[in-house]
Amino acid sequence: MYPEYMKESLNKVAQTRNKRFELAKSGKPVYPPMSAEEREKVLNKFHPDYKPEARRKIRIGPNKGEHLTTEVADMLESHSRIKTELFDLTRPDYETDILIIGGGGGGCAAAIIAKQNGAKSIISTKLRLGDANSMMSQGGMQAAVKPQDSPTLHYLDAIGGGHFDNKPELVRALTEDGPDIVKWLEELGVVWDKDEEGSMQVLHGGGTSRKRMHSCRDYTGAIIMRTLMDEVRNHPDKITVLEFMPTVELVLDNKGRCAGGILYNLETEEYFTVKAKATIIATGGYGRLHIRGYDTTNHYGATGDGLVIAYRAGAKLLYMDSVQYHPTGSIFPEQIAGFLITEKIRGAGGQPVNKHGELFVFPREPRDVESSAFIKECLEKKNGIETPSGRLGIWLDSPLIEMLQGEGYINKQFPAMHRQFIRYEIDITKEPMLVYPSLHYQNGGVEINAKCETNIPGLYVVGEASGGAHGRNRLMGNSVLDYNVFGRRAGEYAAKYAKSVKLGRLSLKHVHNYENELKKTKIKTDRIAPVLLPFYTPEDVRKRQLTAHYEGTLR
Ligand code: MEZ
């Protein structure tokens with residue numbers, strides 16, 4: 001229930017609703033989209049990435065000298081969790097064709113396709129299979145399947161949204177594989193939203209020129225993830241899943257090829273060695289680093305682990321200076337601060353309005369621009385709504401959707417969101433939600449090509465852990481597509497590579513060298529990474545993770 005003092009502002013939103021409804025219904029633009037110059041201006045002044053302290057030079061490793069997001073540079077300039085001299089790599093605990101690091105959508109898609117290509121894999125996952133951002137995506141997946149659309153138009157939208165910084169070959173792979181992914185997922189068991197004639201239901205997202213967002217109500221990620229997990233679990237002879245066993249370092253061979261990893265059992269505190277002909281990193285992003293102190297929409301395990309181990313092994317990173325803030329994270333009730341309020345709400349006609357009930361921005365600008373406009377409205381224009389703890393937010397007018405799409409639409413299309421707010425005595429069919437930008441996505445990552453190969457032979461990266469497909473700003477629904485497209489590609493190419501490679505002597509020399517580089521550069525830090533768990537993990541659990549560096553035992 002909203003506090004009494006918000007009622008005056010809520011009344012203003014209700015008073016302007018009819019007029020906003022008439023305009024939206026007329027088909028005329030409800031608010032003019034910004035020009036390129038206006039976008040640039042609002043980004044420069046208000047986007048968190050553009051603050052001088054948001055980036056700093058990294059002093060070691062393959063990207064040495066480049067400016068990275070400050071928290072990412074701090075995480076990369078860190079000590080390993082392991083003492084390399086303790087490991088006997090001549091007798092690995094496991095041997096397999098492919099080690100897949102990460103049990104989210106990308107990892108599962110890779111394992112399924114690797115199996116079809118005759119390869120056995122081990123999935124090493126920090127939490128349970130499916131505990132990932134893939135499970136949490138709500139609004140949908142972009143793919144150009146309609147007659148008025150095409151992969152070329154999808155390509156142009158993605159490139160424009162990414163500020164023309166995207167790697168063209170990756171955008172091409174993303175958009176051209178899109179229609180196939182819709183079909184593949186449906187064949188595996190995903191039940192897409194369809195209209196009464198049985199055609200795919202599609203909606204707009206921010207920055208899209210055509211409606212191409214495919215959804216499963218507002219739990220698209222959960223449906224896709226569960227389907228992929230079922231498929232993985234159906235093949236225990238070919239896919240082994242090791243839960244609560246994150247990979248904490250990669251292993252290379254004497255020719256610099258990736259040859260597996262060191263896994264750490266979070267429950268028993270034992271280390272295990274895995275020898276693999278090829279390795280795929282699918283560890284997702286870093287939202288739980290809470291860059292610039294922002295709340296996050298991300299899963300508890302999103303601590304950027306894959307970036308650290310790849311970087312220490314010599315993998316080059318791309319666009320690690322760019323963070324995505326989703327415009328509509330929940331800001332009230334404060335128990336769910338940061339939670340995702342899907343962009344599908346705006347795709348269905350929901351509007352962001354200020355404390356006077358005024359629409360102040362085109363509702364579907366690309367995410368970085370929309371977020372910056374919200375921050376400006378709150379901080380510069382002083383038109384935000386204050387929460388009881390002094391945070392500021394913008395109304396997201398959901399009752400307007402019921403007027404535009406018909407009564408019952410919210411309950412049908414957003415059942416999870418509807419229920420979520422009912423718990424706090426807020427009925428979003430009648431009252432708006434209060435939102436503010438929330439850290440949502442890591443735009444950059446390990447540099448890959450369209451086969452998901454990195455600069456380290458035998459190391460493949462997919463999904464949010466990779467960089468380049470989305471340039472410096474991803475559009476909605478392209479990440480669900482991304483982990484499916486590149487997960488499948490990595491599974492195929494890694495399986496083919498695994499058939500021909502003959503590994504040499506295994507080594508952790510790169511970890512040792514990295515420690516030496518820290519010393520030589522006089523970097524003094526007590527940071528240990530991969531981080532594995534966020535900093536607010538309960539003290540007793542956290543302490544165990546930190547001391548594992550010294551106390552972890554070998555099997
Ligand atoms: O692609 C996303 O980030 C997504 C689908 C999020 C959402 O707003 O629902």
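More than 12 non-hydrogen atoms from other residues, nucleotides or ligands lie less than 6.0 angstrom from NZ of Lys51. Under a cut-off of 6.0 angstrom, the local environment of NZ in Lys120 is sparse, with at most 12 non-hydrogen atoms contributed by other residues, nucleotides or ligands. Other residues, nucleotides and ligands contribute at most 12 non-hydrogen atoms within 6.0 Å of the CZ atom of Arg226. In this structure, His512 places its NE2 atom where only 12 or fewer heavy-atom neighbours from other residues, nucleotides or ligands lie under 6.0 Å away.
Across all their heavy atoms, Glu267 and Asn265 have their closest contact at N-OD1, 2.8 Å. Closest approach of Thr247 to Ser124, counting heavy atoms only: OG1-OG, 2.7 Å. Of all non-hydrogen atoms in Leu307 and Leu317, the two that sit nearest each other are CD2-CD2, 4.1 Å. Thr303 and Asp305 get closest at one heavy-atom pair: OG1-OD1, 2.8 Å. Nearest heavy-atom pair across Met135 and Gly130 is CB-O, 3.4 Å. The shortest non-hydrogen separation linking Val308 to Ala529 is CG1-CB, 3.8 Å.
Screening Lys316, Lys57, Arg55 against Glu66 for a salt bridge (charged side-chain N to carboxylate O under 4.0 Å, His left out) leaves a single residue, Lys316. Screening Glu249, Glu517, Glu515 against Arg312 for a salt bridge (charged side-chain N to carboxylate O under 4.0 Å, His left out) leaves a single residue, Glu249. None of Phe87, Phe244, Tyr271 except one satisfies the ring pair (Phe, Tyr, Trp, His ring centres under 6.0 Å) rule with Tyr264; the exception is Tyr271.
Looking at Ser134, its side chain does come within 3.5 Å of a backbone N or O of Gly105 through a donor-acceptor pair. Between the side chain of Asp295 and the main chain of Ser438, no donor-acceptor pair closer than 3.5 Å is present. The backbone N or O of Leu532 lies less than 3.5 Å from a partner atom in the side chain of Lys126, making a donor-acceptor pair. The main-chain N or O of Asp253 is never found under 3.5 Å from a side-chain atom of Ser507 such that the two would form a donor-acceptor pair. Checking side-chain atoms of Glu71 against main-chain N and O of His290 turns up no donor-acceptor pair under 3.5 Å. For Arg81 (side chain) and Pro530 (main-chain N/O), a donor-acceptor pair under 3.5 Å exists by modelled atom type. With hydrogens and angles disregarded, a donor-acceptor distance shorter than 3.5 Å links the side chain of Asn443 to the backbone of Arg472. Using a distance-only test at 3.5 Å, with no hydrogens or angles considered, a donor-acceptor pair links the side chain of Asn166 to the main chain of Ala469.
Counted by atom type alone, Asp368 and Gln324 present zero donor-acceptor pairs between their side chains at under 3.5 Å.
Arg474 pairs by the salt bridge (charged side-chain N to carboxylate O under 4.0 Å, His left out) definition with nothing, not counting sequence neighbours. Taking the ring-ring contact (aromatic ring centres under 6.0 Å, His included) definition, one finds that Tyr300 meets it with nothing, sequence neighbours left out. Here Thr454 pairs with Val446, Ile448, Ile456, Leu459, Val461 under the side-chain contact (heavy atoms from CB on, under 4.5 Å) rule; sequence neighbours left out. For Asp482, there are no salt bridge (charged side-chain N to carboxylate O under 4.0 Å, His left out) partners, not counting sequence neighbours. In this structure, the ring-ring contact (aromatic ring centres under 6.0 Å, His included) partners of His47, at least two apart in sequence or on a different chain, are Tyr50, Tyr325. Residues passing the salt bridge (charged side-chain N to carboxylate O under 4.0 Å, His left out) test with Glu176, sequence neighbours excluded: Arg172. Every side-chain contact (heavy atoms from CB on, under 4.5 Å) that Ile523 has, sequence neighbours left out, goes to Arg59, Ile60, Glu77, Leu518, Thr521, Thr525. By the salt bridge (charged side-chain N to carboxylate O under 4.0 Å, His left out) test, Lys376 pairs with no residue at all, sequence neighbours left out. Partners of Glu377 by side-chain contact (heavy atoms from CB on, under 4.5 Å), not counting sequence neighbours, listed by chain and number: Asn354, Phe360, Lys381, Asn383, Ile394.
Atoms CD and CZ, on Glu243 and Arg128 in that order, are 8.0 Å from each other to the nearest 0.5 Å. To the nearest 0.5 Å, atoms CG (Asn449) and NZ (Lys167) are separated by 6.0 Å.
In this structure, Leu68 and Asp321 have side chains that are not in contact, with every pair of non-hydrogen atoms separated by 4.5 Å or more. Contact of the Thr125 side chain with the Asp131 side chain is not registered, since no non-hydrogen atoms from C-beta on lie closer than 4.5 Å. Contact annotation: the side chain of Met320 never approaches that of Ile58 to less than 4.5 Å [non-hydrogen atoms, C-beta and beyond]. Between Leu263 and Tyr94, the closest side-chain pair of non-hydrogen atoms is not below 4.5 Å. Arg292 has its side chain out of reach of Leu439: every pair of non-hydrogen atoms, C-beta onward, lies at least 4.5 Å apart. Residues Tyr294 and Tyr436 meet the side-chain proximity criterion, which asks for heavy atoms closer than 4.5 Å. Counting heavy atoms from C-beta outward, Ser372 and Leu43 have side chains that approach closer than 4.5 Å. Between Ile122 and Met245, the closest side-chain pair of non-hydrogen atoms is not below 4.5 Å.
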Under 3.5 Å, which donor-acceptor pairs do the side chains of residues 496-503 form with other protein atoms, sequence neighbours left out?
from, atom 1, to, atom 2, distance (Å)
Lys496, NZ, Glu492, OE2, 2.6
Lys499, NZ, Asn117, O, 2.9
Ser500, OG, Tyr497, O, 3.1

Walk me through whether Asp177 and Arg489 qualify under salt bridge (Lys or Arg N to Asp or Glu O under 4.0 Å).
CA-CA 10 Å; Asp177 286 8; Arg489 282 174 174 249; 2.8 Å; yes

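Within the structure, ring pair (Phe, Tyr, Trp, His ring centres under 6.0 Å) contacts touching residues 439-484 (residues at least two apart or in different chains) are His326-His440, Tyr441-His470. The side-chain hydrogen bond (donor to acceptor under 3.5 Å, both in side chains) contacts involving residues 96-106 comprise Asp97-Lys277, where partners must be two or more places apart or lie in separate chains.
Here Tyr319 and His163 keep their ring centres 6.0 angstrom or further from each other.
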